[in-house]
Number of protein chains: 2
Amino acid sequence: MWFTIDFHSHVPVYEQIKNKIKEKIVKKEVNENEFIPSIRTLAKEIGVNLNTVARSYRELEQEGIIQSVRGSGYIVIGIDKDKIFDEKIEEFRKIVISAKNLKIEKRDLLKVIDEIYGGE
Amino acid sequence: MWFTIDFHSHVPVYEQIKNKIKEKIVKKEVNENEFIPSIRTLAKEIGVNLNTVARSYRELEQEGIIQSVRGSGYIVIGIDKDKIFDEKIEEFRKIVISAKNLKIEKRDLLKVIDEIYGGE
DNA sequence: TCTACTGTAATAGTATAATATTACAGTGAG
DNA sequence: CTCACTGTAATATTATACTATTACAGTAGA
């Protein structure tokens with residue numbers, strides 16, 4: 001299974017697909033000039049309609065990350081890692097602010113980070 | 001202005017309203033047995049339809065956080081701080097995992113936390 | 001050349017969120 | 001009592017996300 005979708009999330013499915021594929025590229029689980037799964041294959045695998053995957057791929061192409069090869073599939077072009085970094089950091093910043101607003105202590109956040117990254 | 005809404009967010013407006021009010025209660029900007037703004041007043045202030053605010057208040061009442069007093073408004077009952085804490089920490093955990101997946105370094109996250117909480 | 005896969009397009013239908021609008025009933029201050 | 005505020009309810013409309021389905025054209029391997 002390439003990845004899964006959270007159908008209870010407020011984030012639209014087509015956005016989740018885009019984000020997961022961006023992650024795959026950053027993590028080099030798919031490399032440049034390689035094909036990603038076909039629209040129909042991925043749609044069946046994650047249990048969504050092919051139109052939804054098609055939308056994700058179309059938008060990723062508009063962002064210059066993948067490119068369609070008609071009749072063959074979509075290949076990976078590349079990704080602006082700095083942009084991905086900035087977007088995620090900004091998302092992170094918002095939730096840290098929100099946590100502070102809720103009177104959550106700094107040490108509680110650090111504990112979570114240590115759990116995930118390791119305490120070293 | 002009590003608070004603002006991000007109309008570009010994927011999070012529904014009625015959810016954003018619920019979250020903001022929960023924050024206000026935790027931060028004691030509104031206290032127990034106090035009235036929160038009327039449906040119409042808040043709707044006008046944040047620029048949404050009164051039905052949307054009505055939905056938020058209805059759901060907050062179902063959660064036992066506020067209570068309607070017909071003809072008068074809604075008063076604050078109280079809030080389960082532990083539940084709020086757990087929910088936010090879980091949300092935080094997800095984005096930390098996502099950041100790690102994107103090869104963002106631990107120190108980059110710590111930097112953001114220090115910016116917001118102070119470096120002490 | 002077949003055939004089975006690709007992407008692409010168009011149409012229709014459903015669910016949800018949000019809006020706009022109107023209406024009605026309860027509350028409380030003057 | 002009156003009036004201006006409350007909550008509550010119902011209806012219609014729009015936009016978006018998603019599904020279902022059918023269709024057509026390009027690609028590549030047997």
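Quick note on labels: first sequence line is chain A, next is B, and so on, each numbered from 1.
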### Message
Under a 3.5 Å distance rule, please check whether Lys106(A) uses its side chain to pair with a backbone N or O of Gly118(B) as donor and acceptor.
### Response
yes
### Task
Assign the ring pair Tyr57(B) / Tyr74(B) to parallel, tilted or perpendicular, where the plane angle (0 to 90°) is split at 30° and 60°.
perpendicular
#### Entry: Length of the line joining Arg40(A):CZ and dT27(D):P, which is rounded to integer Å
15 Å
#### Entry: CA sep, side-chain torsions, deciding dist, call: Leu42(B), Ile17(B), side chain to side chain contact (heavy atoms under 4.5 Å, CB included)
CA-CA 10 Å; Leu42(B) 183 59; Ile17(B) 295 170; 4.3 Å; yes
Using nucleotides 15-19 of chain D, report all nitrogen or oxygen pairs with the protein that are shorter than 3.5 Å.
unit_1	atom_1	unit_2	atom_2	d
dA17(D)	OP1	Tyr14(A)	OH	3.0
dA17(D)	OP2	Arg55(A)	NH1	2.9
dA17(D)	OP2	Arg55(A)	NH2	3.2
dC18(D)	OP1	Val13(A)	N	2.2
dC18(D)	OP2	Tyr14(A)	N	3.4
dT19(D)	OP2	Asn49(A)	N	3.0
dT19(D)	OP2	Thr52(A)	OG1	2.7

#### Entry: Under-4.0 Å salt bridge between Arg58(A) and Glu61(A)
no
### Message
Does Lys83(B), at its NZ atom, have more than 12 non-hydrogen atoms belonging to other residues, nucleotides or ligands within less than 6.0 Å?
### Response
no
### Message
Is it the case that the side chain of Glu45(B) and the backbone of Trp2(B) share a donor-acceptor pair, with hydrogens and angles ignored and the cut-off at 3.5 Å?
### Response
yes
### Query
Which part of the nucleic acid, if any, lies within contact of Thr41(B), taking any heavy atom under 4.0 Å across all strands shown: a base, the sugar-phosphate backbone alone, or nothing?
sugar-phosphate
### Nucleic acid footprint by protein, nucleotides 25-30 of chain C - heavy-atom cut-off 4.0 Å, B for base, S for sugar-phosphate alone
SBS---
### Query
Does a side-chain N-to-carboxylate-O contact under 4.0 Å join Glu90(A) and Lys94(A)?
no
#### Entry: Interatomic distance, Ile39(A) CD1 vs dA9(C) P [rounded to whole Å]
10 Å
### Query
Would you say the side-chain atoms of Lys18(A) pair up with the backbone N or O of Glu59(A), donor to acceptor, closer than 3.5 Å?
no
### Value in whole Å for how far the C1' atom of dA17(C) lies from NZ of Lys18(B)
14 Å
